[in-house]
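Only a predicted model underlies this, so the values are computations on that prediction, with no experimental measurement involved. One-based numbering, in listed order, for ligands and for the atoms of each.
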Amino acid sequence: MDSVRTVRLVLVGVGNLGRRFADIIAVKHEELVRRYGLDFRIVGVADSRGAAVDPDGLDGAAVCAIKEGGRSVSELLSVGRPGMTGLELIETVEADALCEASPVCLDAGAEPGLSHVRLALKKGIHVSTPNKGPIVLAYRELTALAERNGVQLRFGGTVAGGLPAIALGARDLRGATIERLDAVPNLTTGFVLERLVAGATWGEAIGEASAAGVLEGDGVWDLDGWDAVAKLAILAMAVFGQDVDLREIPRTGIREIDLDWLRDASRNGRVRLVASGERRADGGYDLRVAPTALHEEHPLGRLGGKQMGITFETDLFGTITSIIDEPTPLPSAATMLRDLLSIYLDGRC
Ligand SMILES: NC(=O)c1ccc[n+]([C@@H]2O[C@H](COP(=O)([O-])OP(=O)(O)OC[C@H]3O[C@@H](n4cnc5c(N)ncnc54)[C@H](OP(=O)(O)O)[C@@H]3O)[C@@H](O)[C@H]2O)c1
């Protein structure tokens, strides 16, 4: 590789995804330099308790290790900054791109993620985020802000983990008209439904989902379908170009599901919480989220318990389906690398 470009990254949020991303950057560093001429360095990192800063690049493996131990990055020797916030980090550290992986917090106006993303874009810093909150609440504002400041906003990890669902719909199906999409965009509801089909009671299935770490908080977000409508709203905005308020998308969760119907419908396929968009004659899309019986001949009708998928029906490319196995959050964490490579390599291949 003739010339190597250094890319200074700030990472805010170092949980399941952020710490794995720090590790990916460490493990893949040489390969990324060799293959793409990109020298990614994490120059600043923040969690809820503080930050760490090193203009020459932090040790990603050390960042990952301290978080796996349940501690704060601000405890990293000589580089730790106890009490420094994500906003202060973005404000003060010279960087080229922000990776924002803090919690969704839609009830709190998508904060602190929205402010992190907004500040970075205002400063002319590219952003990659798997955090749905800022995208769902402020898609138009943030994409306009990115354009005004000549930077890119990427959010490939917001829908269906590591599955490139947005890129498939928004980029790879260009030129075609999408007649319909059906997505199984999260794992949690599939996990609970599979346990119910296997004979567990509702209480047992929820308990197992909590124990397996797949259920967030009290489960309202996942079980009542809010996660799925948030992802459908992002698909609608980014793929269909349709402005939506997620509160207006018809939504049925899995909490009231009829167990007899579920077990019966699962004999020849799968029941999943499906997010759908169907094109109307006027060019708009009818959106809905509901438990749906997918016959085994449906492209998503054989999904495993750790799989998510999306199917697009189009006029030019026929039906295209993409499915991902996601037994750990690694693919979701890797979406930030994929976003960054899209930002820096676009036009090269
Ligand atoms: N987990 C998945 O499989 C997955 C898949 C796709 C998308 N996502 C999205 O990706 C984002 C991160 O998910 P995750 O599973 O990694 O979450 P997580 O494990 O809960 O980690 C969240 C991180 O954000 C930090 N944080 C919380 N408040 C903060 C604040 N005010 N300022 C700075 N940092 C703050 C936390 O700090 P502490 O470490 O100090 O607690 C933690 O490091 C979420 O928006 C999630 O919806 C997750």
Side-chain angles (χ1 to χ4, degrees), residues 10-24 42 44-52 63-76 80-91 93 98-117 119-120 127-137 154-166 183 185-191 209 212-217 221-222 226-228 230-231 234 306-308 324-339:
V10 163
L11 169 63
V12 178
V14 205
N16 289 311
L17 265 51
R19 73 179 148 80
R20 284 181 171 83
F21 173 73
D23 197 48
I24 290 170
I42 300 177
V45 60
D47 58 28
S48 68
R49 291 159 275 174
V63 168
C64 184
I66 203 163
K67 293 306 296 179
E68 275 177 348
R71 295 161 64 198
S72 168
V73 289
S74 61
E75 295 174 60
L76 283 166
R81 306 278 178 92
M84 186 184 216
T85 66
L87 271 184
E88 288 165 349
L89 182 77
I90 299 163
E91 184 64 60
V93 169
L98 165 70
C99 294
E100 214 291 336
S102 72
V104 178
C105 303
L106 272 181
D107 290 347
E111 295 295 357
L114 179 53
S115 293
H116 295 154
V117 172
L119 176 61
V127 173
S128 159
T129 184
N131 180 353
K132 293 169 282 295
I135 308 302
V136 167
L137 287 194
R154 298 266 176 170
F155 44 91
T158 53
V159 176
L163 190 79
I166 296 170
N186 66 41
L187 292 175
T188 311
T189 48
F191 181 100
V214 297
L215 195 66
E216 279 184 42
W221 174 252
D222 287 308
W226 287 108
D227 180 71
K231 289 168 174 171
I234 292 173
K306 297 275 171 72
Q307 291 184 320
M308 294 171 279
I324 188 168
D325 274 299
E326 190 148 332
T328 75
L330 181 68
S332 290
T335 62
M336 289 185 271
L337 175 60
R338 190 168 66 202
D339 282 351

### Message
Could you check whether atom CG of D107 has more than 12 heavy atoms from other residues, nucleotides or ligands sitting under 6.0 Å from it?
### Response
no

### Query
Which of these, G133, P103, A101, has its nearest heavy atom closest to atom 12 (C) of ligand 1?
A101

### Query
Which of the listed options, V14, V45, V12, holds the heavy atom that is closest to atom 23 (C) of ligand 1?
V14

#### Entry: Ionic contact status for D227 with K231, cut-off 4.0 Å
yes

### Query
Hey, is ligand 1 close enough to K67 that some N/O pair sits below 3.5 Å?
yes

### Task
Just need the protein heavy atom nearest to atom 19 (O) of ligand 1, so name the residue and atom and give the distance.
N16 N, 2.9 Å

### Summary
Here the pair of heavy atoms bringing E88 nearest to M84 is OE1-CA, 3.4 Å

### Task
Return the option from S74, G13, A108, S102 holding the heavy atom at the smallest distance from atom 11 (C) of ligand 1.
S102

#### Entry: Nearest option to atom 9 (C) of ligand 1, as decided by whichever heavy atom of A160, P130, G156, G161 sits closest
P130

### Task
May I ask you to list the atoms of ligand 1 that are less than 4.0 angstrom from any heavy atom of N131?
45 (O)

### Message
What protein heavy atom lies closest to atom 32 (N) of ligand 1? Include the residue and the distance to one decimal.
### Response
D47 O, 3.9 Å

### Task
Determine yes or no for a side-chain-to-main-chain donor-acceptor pair under 3.5 angstrom, with D47 supplying the side chain and V73 the backbone.
yes

## Note on the structure
ligand 1 atoms nearer than 4.0 angstrom to some heavy atom of S332 are 3 (O), 5 (C), 6 (C)

### Query
Any nitrogen or oxygen of R49, main chain or side chain, under 3.5 Å from a nitrogen or oxygen of ligand 1?
yes

### Query
Between R19 and ligand 1, which residue portion shows a heavy-atom distance shorter than 4.0 Å: side chain, backbone, both, or neither?
neither

### Query
Heavy atoms, side chains only, cut-off 4.5 Å: are W221 and T188 in contact?
no

### Query
Heavy atom of P112 under 4.0 Å from ligand 1?
yes

### Query
Considering only heavy atoms, which of L330, T85, L11, V104 lies nearest to atom 47 (O) of ligand 1?
V104

### Query
Any N or O on G86 sitting closer than 3.5 Å to an N or O of ligand 1?
no

#### Entry: Location of contacts on T335 toward ligand 1, heavy atoms closer than 4.0 Å
neither

### Message
Tell me whether atom 21 (O) of ligand 1 lies less than 4.0 Å from at least one protein heavy-atom position.
### Response
yes

### Message
Is there a side-chain contact between R338 and T335 in this structure, where contact means two heavy atoms from C-beta onward sitting under 4.5 Å apart?
### Response
yes

### Considering all heavy atoms, the nearest V159-I234 contact
CG2-CG2, 4.0 Å

### Query
Any N or O on G15 sitting closer than 3.5 Å to an N or O of ligand 1?
yes

### Task
With the side chain counted from C-beta on, respond yes when V214 and L187 share a heavy-atom pair under 4.5 Å apart, and no when they do not.
no

### Query
Under a 4.0 Å heavy-atom limit, does S48 contact ligand 1 with its side chain, its backbone, both, or neither?
both

### Query
Where on S72 is there a heavy atom closer than 4.0 Å to ligand 1, on the side chain, on the backbone, on both, or on neither?
neither

### Query
Are H116 and L87 side-chain neighbours, meaning at least one heavy-atom pair lies under 4.5 Å?
yes

### Beyond-backbone contact of S102 with P112, side-chain heavy atoms, under 4.5 angstrom
yes

#### Entry: For K132, atoms of ligand 1 separated by under 4.0 Å from a heavy atom
47 (O)

### Query
Are any of the side-chain heavy atoms of V104 and N131 separated by less than 4.5 Å?
yes

### Nearest-neighbour protein heavy atom for atom 6 (C) of ligand 1, which is reported as residue plus atom name and distance
G157 O, 3.5 Å

### Query
Which atom names give the shortest non-hydrogen contact between V14 and V45, and what distance separates them?
CG2-CG2, 3.5 Å

### Message
Counting only nitrogen or oxygen atoms and a 3.5 angstrom limit, does L17 reach ligand 1?
### Response
yes

### Message
Between M336 and S128, is there a side-chain heavy-atom distance shorter than 4.5 Å?
### Response
yes

